[in-house]
Visitor: 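First the structure, then my questions, so here it is.
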Protein chains: 2
Amino acid sequence: MTDIPIGEISRRSQVKVPTIRYYEQIGLLPAPPRSEGNRRLYGSRDLRRLSFIRHARDLGFEIDAIRTLLTLQDNPNQPCAEADGIAREKLAEVNARIDSLMALKDELEAMVGGCEHRCVGECRVIEVLADHHKCLHAEH
Amino acid sequence: MTDIPIGEISRRSQVKVPTIRYYEQIGLLPAPPRSEGNRRLYGSRDLRRLSFIRHARDLGFEIDAIRTLLTLQDNPNQPCAEADGIAREKLAEVNARIDSLMALKDELEAMVGGCEHRCVGECRVIEVLADHHKCLHAEH
DNA sequence: ACTTGCTCCTCTAGCGACTAGAGGATGCAG
DNA sequence: CTGCATCCTCTAGTCGCTAGAGGAGCAAGT
């Protein structure tokens, strides 16, 4: 499992080629050795690291948080309070985002449902956007 | 309700001063007349437009969609199918985002709950991120 | 008249996390 | 040996702002 070219590691990790190069550039992925023809050659360690990154990105972790997580992963003898903290923070963030999206969903549903499809002058979508008091939720 | 300076219209519309200037720059808000001392002077029409924009942004509409919505608002004699369509699209998007955030929430909760807080070597947070098969949801 | 302190002006550069494209080198199959 | 896929580096663009420099205008107090 060694000497994997960038295209193949891209396919296997589901991370696009330019993104992999970008990760190298910002120091998230170590620069791999090169072939005689100057091509990057990756190993299975890199594949694991890339999959880790991709998975964490999918879950909405920011690059900086991932950087911390990767450092933790590299020295496994430390207490994991920090990793746990990062995940907890993310969880709180996700919950907040769900809440506001649910409110938004209600509002959009009311907009779409309430419109009689005649002309813009009477359109509820436009009306609601123009006049905040027509909102279901007053918070925002 | 005329000759409102940028700071006041910012306070009233809840849109930050640089953002208002940015909206002018990208042609979302018309350039207002200026005072002798070259200061922007807004009217209540601008206030309504800015509130509309802000509200739509809060609801997650992109600038381009808002541009369309504003054009529609400016000519109220057209059928509103387009505005309705934009709102419907947004609704579908929001629903999709809620779904994926709910999945994410489950996953994060399992991570956080499952960790025994000893050291990184045994941390479930790191483990789950490193190994996709430990996920609750296989889709991503 | 002068100073203080606030608001405003323009301009440029930066953010995050990529993505797109130019222009060229390498590698491999037929 | 000819195509074509893959790779390289480099720069610039995306979106929706945000930050900061450096300066001008304005209103109130002394």
Visitor: Would you mind reporting whether A:Leu69 and A:Phe52 have side-chain heavy atoms less than 4.5 Å apart?
Guide: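 They are in side-chain contact.
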Visitor: Which is true for A:Arg57 with a 4.0 Å heavy-atom rule: it touches a base, it touches only sugar-phosphate, or it touches nothing?
Guide: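 Counting heavy atoms under 4.0 Å across all strands, the contact made by A:Arg57 is with sugar-phosphate only.
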Visitor: Starting from P on C:dC8, measure out to CD on B:Glu24 and report it in whole angstrom.
Guide: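 Taking atom P of C:dC8 as the reference, CD of B:Glu24 is at 14 Å.
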Visitor: Could you tell me whether a side-chain N or O of A:Ser10 sits under 3.5 Å from a main-chain N or O of A:Val15, the two making a donor and an acceptor?
Guide: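 Yes; at least one donor-acceptor contact below 3.5 Å.
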Visitor: Distances for protein N/O vs nucleotides 23-26 of chain C N/O pairs under 3.5 angstrom?
Guide:
{"from": "C:dT26", "atom 1": "O2", "to": "A:Arg39", "atom 2": "NH2", "distance (Å)": "2.9"}

Visitor: Quick one: does B:Ile63's side chain get under 4.5 Å of B:Tyr23's, heavy atoms only?
Guide: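 They are in side-chain contact.
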Visitor: To the nearest Å, give me how far apart CG (A:Asp58) and P (C:dA17) are.
Guide: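 Taking atom P of C:dA17 as the reference, CG of A:Asp58 is at 14 Å.
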Visitor: Measure from the side-chain N and O atoms of B:Asp46 to the backbone N and O of B:Gly43, and report whether any donor-acceptor pair falls under 3.5 Å.
Guide: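 Pair found, side chain donor or acceptor close to backbone of B:Gly43.
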Visitor: Taking CG from A:Leu29 and P from C:dA17, how many angstroms apart are they, rounded to a whole number?
Guide: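 In whole Å, C:dA17 P and A:Leu29 CG are 16 Å from each other.
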Visitor: Can you tell me how far P of C:dC18 sits from CD of A:Gln25, to the nearest Å?
Guide: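 Distance check: A:Gln25 CD to C:dC18 P gives 12 Å.
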Visitor: From CD1 of A:Ile53 over to C1' of C:dC18, roughly how many Å is that when rounded to an integer?
Guide: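 Answer to the nearest Å: 14 Å.
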Visitor: Any side-chain to backbone donor/acceptor pair from B:Asp106 onto B:Ala103? Under 3.5 Å, distance only.
Guide: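 No; zero donor-acceptor contacts below 3.5 Å.
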Visitor: In this structure, which one of A:Arg11, A:Arg21, A:Arg39 forms a side chain to side chain contact (heavy atoms under 4.5 Å, CB included) with A:Ile6?
Guide: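 Checked A:Arg11, A:Arg21, A:Arg39 against A:Ile6; only one passes side chain to side chain contact (heavy atoms under 4.5 Å, CB included): A:Arg21.
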Visitor: Rounded off to whole Å, could you give me the OH-to-C1' distance for the B:Tyr42 and C:dC8 pair?
Guide: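 Value for this atom pair: 11 Å.
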Visitor: Can you tell me how far P of D:dA5 sits from CD1 of A:Ile6, to the nearest Å?
Guide: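 Distance check: A:Ile6 CD1 to D:dA5 P gives 19 Å.
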Visitor: State which of D:dT9, C:dA17, C:dC9 makes the closest approach to the side chain of B:Arg21.
Guide: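 Nearest to the side-chain atoms of B:Arg21, counting from C-beta on, is C:dC9.
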Visitor: Ignoring backbone atoms, test whether B:Tyr23 places a side-chain nitrogen or oxygen under 4.0 Å from the OP1 or OP2 oxygen of D:dG16.
Guide: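 Result: no.
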Visitor: Verify the contact: side-chain N or O of A:Arg67 to OP1 or OP2 of C:dA17, cut-off strictly under 4.0 Å; return yes or no.
Guide: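 So the side-chain polar atoms of A:Arg67 never come under 4.0 Å of the phosphate oxygens OP1 or OP2 of C:dA17.
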Visitor: Could you pull out the protein-nucleic contacts involving nucleotides 19-21 of chain C (nitrogen or oxygen on both sides, under 3.5 Å)?
Guide:
{"from": "C:dT19", "atom 1": "OP2", "to": "A:Thr19", "atom 2": "OG1", "distance (Å)": "3.2"}

Visitor: Which angle, to the nearest 10 degrees, lies between the helix axes at the two ends of the helix from C:dA1-D:dT30 to C:dG30-D:dC1, each defined by five pairs?
Guide: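 Taking the rotation axis at each end, their angle is 10°.
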Visitor: Kindly point out which of D:dC8, C:dT10, D:dG16 is positioned nearest to the side chain of A:Arg40?
Guide: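 Taking heavy atoms from C-beta onward, the closest nucleotide is D:dC8.
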Visitor: When the distance from CZ of B:Arg11 to P of C:dC6 is rounded to whole Å, what number comes out?
Guide: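 In whole Å, C:dC6 P and B:Arg11 CZ are 13 Å from each other.
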